[in-house]
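Heads up, the thing below is written out as structure tokens.
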Amino acid sequence: MKITISCFFLLLILVPLLASSVDNKVYIVYFGQHSNGEKVLHEIENFHLSYLQSVKESEEDAKSSLLYSYKHTINGFAAKLTPDEASKLSEMEEVLSVFPSHGKYSVQTTRSWEFVGLDEGDSHSWKKFQMGGENLLSRAKYGKNIIIGVMDSGVWPESPSFSDEGMDPIPKSWKGICQEGVAFNSSNCNKKIIGARYYVRGFEAQFGSVNGTEDFLSPRDMDGHGTHTASTAGGRQVDDAAAFGGFAKGTASGGAPLARLAIYKACWAVPNQVKANGNICFSADMFAAMDDAIADGVDILSISIGSAQPLAFENDAIGLAALEASRRNILVVCSAGNSGPAPGTLSNTAPWITTIGASSVDRAFLAPVKLGNGMKIIGQSVTPYKMKKMYPLVYAGDVVVPGVAQNLTGQCLPGSLDPTKTKGKIVVCARGAGLRVGKGMEVKRAGGVGLVLANVISNGNEIACDAHFLPATSLTYDDGIKVLEYINSTKNPMAKISPSRTVLHYKPAPSMAGFTSRGPNVVDPNILKPDITAPGINILAAWSEASSPTKLPEDHRSVKYNIESGTSMACPHVSGAAALLKAIHPHWSVAAIKSALMTTATITNSLGEPITDANGNAATPFQFGAGHFRPTKAVDPGLIYDATYNDYLLYLCTAGPNSLIELNSSFKCPANPPSTLTLNYPSFAITNLNTTVTIRRTVTNIGRPKSTYFFSAKPPLGVRVKAMPSILPFKRIGQKLSFSITVSPTNDPTVTKSEYVFGWYSWDDGYYHVRSPMAVYLP
Ligand SMILES: *[C@@H]1O[C@H](CO)[C@@H](O)[C@H](O)[C@H]1NC(C)=O
Ligand SMILES: *[C@@H]1O[C@H](CO)[C@@H](O)[C@H](O)[C@H]1NC(C)=O
Ligand SMILES: *[C@@H]1O[C@H](CO)[C@@H](O)[C@H](O)[C@H]1NC(C)=O
Ligand SMILES: *[C@@H]1O[C@H](CO)[C@@H](O)[C@H](O)[C@H]1NC(C)=O
Ligand SMILES: *[C@@H]1O[C@H](CO)[C@@H](O)[C@H](O)[C@H]1NC(C)=O
Ligand SMILES: *[C@@H]1O[C@H](CO)[C@@H](O)[C@H](O)[C@H]1NC(C)=O
């Protein structure tokens, strides 16, 4: 065999299977990476088949069970195997790991959050995407030489956001294709959408053929999510874009409006499920998509996909493929997830990934509700319907049909309201279980004339605006209580909902979304995640015309733009910004771009106060990482915390399974691999500060040749932080200087123990301010 695939020690990684599972499941057999040099593609497939044949009855058997042979940068294959066959393969030489292709991944608008039943809601509002102005955009030539790969639910290519009018020819380096399929042919690609592919074998192995009324068997998007994220990252500037009802009218623009987009559809509609619950994405399909994207020549990969629960490295297709991407210096930007506010919920935790939390923007859609006692409460809404007079106001819990579970009485779940008690009334429904838009639908079904949607306590002040089917407004938790108190206080409660108006410079912004997934990072608590936060509440972007704004089956409206919320929406903001940075600094490493974004982020809001969470309390780095991104600052960060692919391999020696991931023959893990705290990361977290911990970091000067940086810190409560040396005198550009930070407990008895405390340190030269967050657990 001509291809040399390096020899590995064997690793056995198997995830226990349910006894009831069918015999053949899809597994990924992972060999690590391909060796450099000439590759003959069919030989790779033969190599993979030879492994498969050794556990299957016959050659035909092997061939028919093979789903994908990953040929470009990822070395491995996906095949239908019995647990026994999987276990045999995992014991073979050269096989690094064998893991099931699971469908634990989903797209991350807040709808997927509803799907897991914790709370609901997808949302609305937006602001013109402020990348920090014309200056950065023009310096970056609007990102025209940068290719952003978007792995998602496909694209609606006819959207004005994807027009290629006036764009330069496609970069010569591009190796991707425009794959044809249902309602999608090569003329759907252009100089903006320069590539489009789809990956469905993993999905079909679980669900059978794609049902043509539920999804397009092609790169075309029937959901809207992929169109939304792609246009946020790299859509054109479109004047007069607006959501249903004319809300958020203004210029819609992606972060890098002239960047090229390459679409990798790996997420599909779940059969027989309400589309509003969001698409599902299988590991086997995403592995194939990322393998192609890396080989096609994307510069940035934008992935608004994650798992509801964190996944270990050896079981995480996105993390493993992103490692290969980092080897090719491709930045992978991922959403943190929508499983907040519970701690430890964050996904996409690998240190070579840039992980994004979600926060609000300074645009609001104010829709007051006037109560019979004259009190006016300001909610938010993007529902255009007018209400001419006052109507009776009721709490949903008082008008339910008998038999609704006690804990769900106020939630307006489908079928829960009694039409005889609801007709002609405005109904107060609580968030919580069920889709927000479904609650409006239920009120309408029962003959109600308006909806007041009140947050439950975990939603706090995070307002979700939806394109409801009737007059509606959404209230914070506190305001919802006020309305309920009014209802309790009078015999004939009345109200009137006014149509909303769009308000800019709404303060304070940003504030963190209640849904944004939180640290600590349970996969490796030493790596502080997320890395940064970006706009993810009420974001306007392009939409699939085969979908409706609410994605409910009863909704037959079609829109070109839609307002959505989720870390899914935050991720492509950063992908677009990273494209601009990459255009200006083509040689920056993946780690350098991430470092620049992190160390220049802000931790204060538009009032100059600390960024708050959805309940108005100070938010922490477990929600926003280093803070809210500031692309104009990131372009010139002064110092960089750099790291190489080799550093990540060394990291995996400790963090990976069996402390022994050996991804290629020339890299050997040391006998005693160092703590993962040694990775040169722009932030850190310490899990159990019972004694002094010393952390070493190295910074590279890319600011001014001669500059002297001084250390300062705001230590967490009960913690002492010192640097050695505390002055870094640089003499030239590119110079690296190292320092040690010692972190120790003050042992102050008044300090609360057994919890994480937060602080930061920074290096300042009078011009640059290079800030890093820290999280410390005091036992
Ligand atoms: C293995 O890793 C080393 C260190 O990163 C790298 O220089 C080398 O090219 C890699 N070898 C192969 C065969 O990919
Ligand atoms: C692609 O589809 C468009 C629109 O449906 C059609 O006009 C065009 O002829 C098709 N092109 C090819 C090459 O099939
Ligand atoms: C396809 O999906 C539609 C809508 O969900 C459903 O009504 C129909 O029965 C499905 N067809 C098949 C063959 O499953
Ligand atoms: C509500 O209560 C029912 C019955 O006790 C339970 O099965 C259900 O899970 C609860 N739902 C929520 C959202 O708490
Ligand atoms: C309204 O009255 C009901 C029944 O007395 C009570 O359970 C509820 O807590 C009251 N709500 C508010 C917001 O005061
Ligand atoms: C201190 O913390 C480390 C790291 O968690 C642990 O290994 C060690 O046992 C602890 N030492 C004491 C004295 O508690």
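Residue indices begin at 1 and follow the sequence shown.
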Between [Y] and [X], is there a side-chain heavy-atom distance shorter than 4.5 Å?
X: V751; Y: L778; answer: yes
X: L677; Y: L679; answer: no
X: I300; Y: I146; answer: yes
X: N135; Y: T632; answer: no
X: H225; Y: S304; answer: yes
X: I539; Y: I563; answer: no
X: L137; Y: L580; answer: yes
X: I527; Y: F684; answer: no

From [X] atom [atom1] to [Y] atom [atom2], the distance as rounded to the nearest 0.5 Å:
X: N338; Y: S565; atom1: CG; atom2: OG; result: 9.0 Å
X: L346; Y: S517; atom1: CG; atom2: OG; result: 6.0 Å
X: S738; Y: R696; atom1: OG; atom2: CZ; result: 4.5 Å
X: N521; Y: T687; atom1: CG; atom2: OG1; result: 11.5 Å
X: T620; Y: R518; atom1: OG1; atom2: CZ; result: 7.5 Å
X: D531; Y: T355; atom1: CG; atom2: OG1; result: 4.5 Å

Would you confirm whether [X], through its side chain, and [Y], through its main-chain N or O, come within 3.5 Å as a donor-acceptor pair?
X: K594; Y: I353; value: yes
X: T746; Y: G718; value: yes
X: S762; Y: H769; value: no
X: N461; Y: A614; value: yes
X: D152; Y: G226; value: yes
X: N605; Y: A509; value: no
X: K529; Y: A350; value: yes
X: T232; Y: H228; value: yes
X: S772; Y: Y761; value: no
X: N329; Y: W588; value: yes

Please evaluate residues N526 and S675 with respect to the criterion side-chain contact (heavy atoms from CB on, under 4.5 Å), reporting the C-alpha separation (whole Å), side-chain torsions for both, the decisive distance (0.1 Å), and the verdict.
CA-CA 9 Å; N526 285 336; S675 152; 3.9 Å; yes
Take a 6.0 Å sphere around CD1 of I457 and say whether it holds more than 12 heavy atoms from other residues, nucleotides or ligands.
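Check fails, neighbour count at 12 or below.
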Take atom NZ in K714; do more than 12 heavy atoms of anything else shown fall under 6.0 Å from it?
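Not more than 12 within 6.0 Å, no.
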Only one of Y709, W763, F711 clears ring-ring contact (aromatic ring centres under 6.0 Å, His included) with F739; which?
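By the ring-ring contact (aromatic ring centres under 6.0 Å, His included) criterion, F739 pairs with just one of Y709, W763, F711: W763.
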How close do [X] and [Y] get, heavy atom to heavy atom, and via which atoms?
X: F629; Y: H573; answer: CE1-O, 3.8 Å
X: A713; Y: V721; answer: CB-CG1, 4.1 Å
X: V757; Y: L717; answer: CG2-O, 3.8 Å
X: F313; Y: V523; answer: CE1-CG1, 3.8 Å
X: P779; Y: L689; answer: CD-O, 3.4 Å
X: H628; Y: A534; answer: NE2-CA, 4.0 Å

Return each pair, listed once, that meets salt bridge (Lys or Arg N to Asp or Glu O under 4.0 Å) where at least one residue sits in residues 565-582; pairs must be two or more places apart or across chains.
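Qualifying pairs: none.
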Do any pairs count as a salt bridge (Lys or Arg N to Asp or Glu O under 4.0 Å) and have a residue in residues 762-779, sequence neighbours left out, and if so which ones?
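Of all non-adjacent pairs touching residues 762-779, those that pass salt bridge (Lys or Arg N to Asp or Glu O under 4.0 Å) are R704-D765.
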side-chain contact (heavy atoms from CB on, under 4.5 Å) evaluation trace for L737 with T698
CA-CA 6 Å; L737 289 176; T698 301; over 6 Å; no
If we count only N and O atoms by modelled type, under 3.5 Å, do the side chains of [X] and [Y] hold a donor and an acceptor together?
X: T345; Y: S339; result: no
X: D524; Y: Y651; result: yes
X: T473; Y: S381; result: no

Between W543 and Y561, ring centroids under 6.0 Å:
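Here the rings of Y561 and W543 have centres that are no less than 6.0 Å from each other.
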Specify whether Y756 and Y777 have parallel, tilted or perpendicular ring planes, treating 30° as the upper limit for parallel and 60° as the lower limit for perpendicular.
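The rings of Y756 and Y777 stand perpendicular, inter-plane angle above 60°.
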Using side-chain contact (heavy atoms from CB on, under 4.5 Å), reason through Y645 and L323 one step at a time and then give a plain yes or no.
CA-CA 8 Å; Y645 173 67; L323 180 63; 3.9 Å; yes
Sub-2.5 Å SG contact, C281 and C267:
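With an SG-SG separation under 2.5 Å, C281 and C267 do form a disulfide.
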With side-chain hydrogen bond (donor to acceptor under 3.5 Å, both in side chains) as the test, pick out the partner of S302 among S575, S335, S568.
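When S575, S335, S568 are each tested with S302, the side-chain hydrogen bond (donor to acceptor under 3.5 Å, both in side chains) holds only for S575.
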Before you tell me yes or no, could you show the steps for I741 and M774 under side-chain contact (heavy atoms from CB on, under 4.5 Å), namely the whole-Å CA-CA distance, both residues' side-chain angles and the distance that decides it to 0.1 Å?
CA-CA 11 Å; I741 297 183; M774 65 181 86; 5.7 Å; no
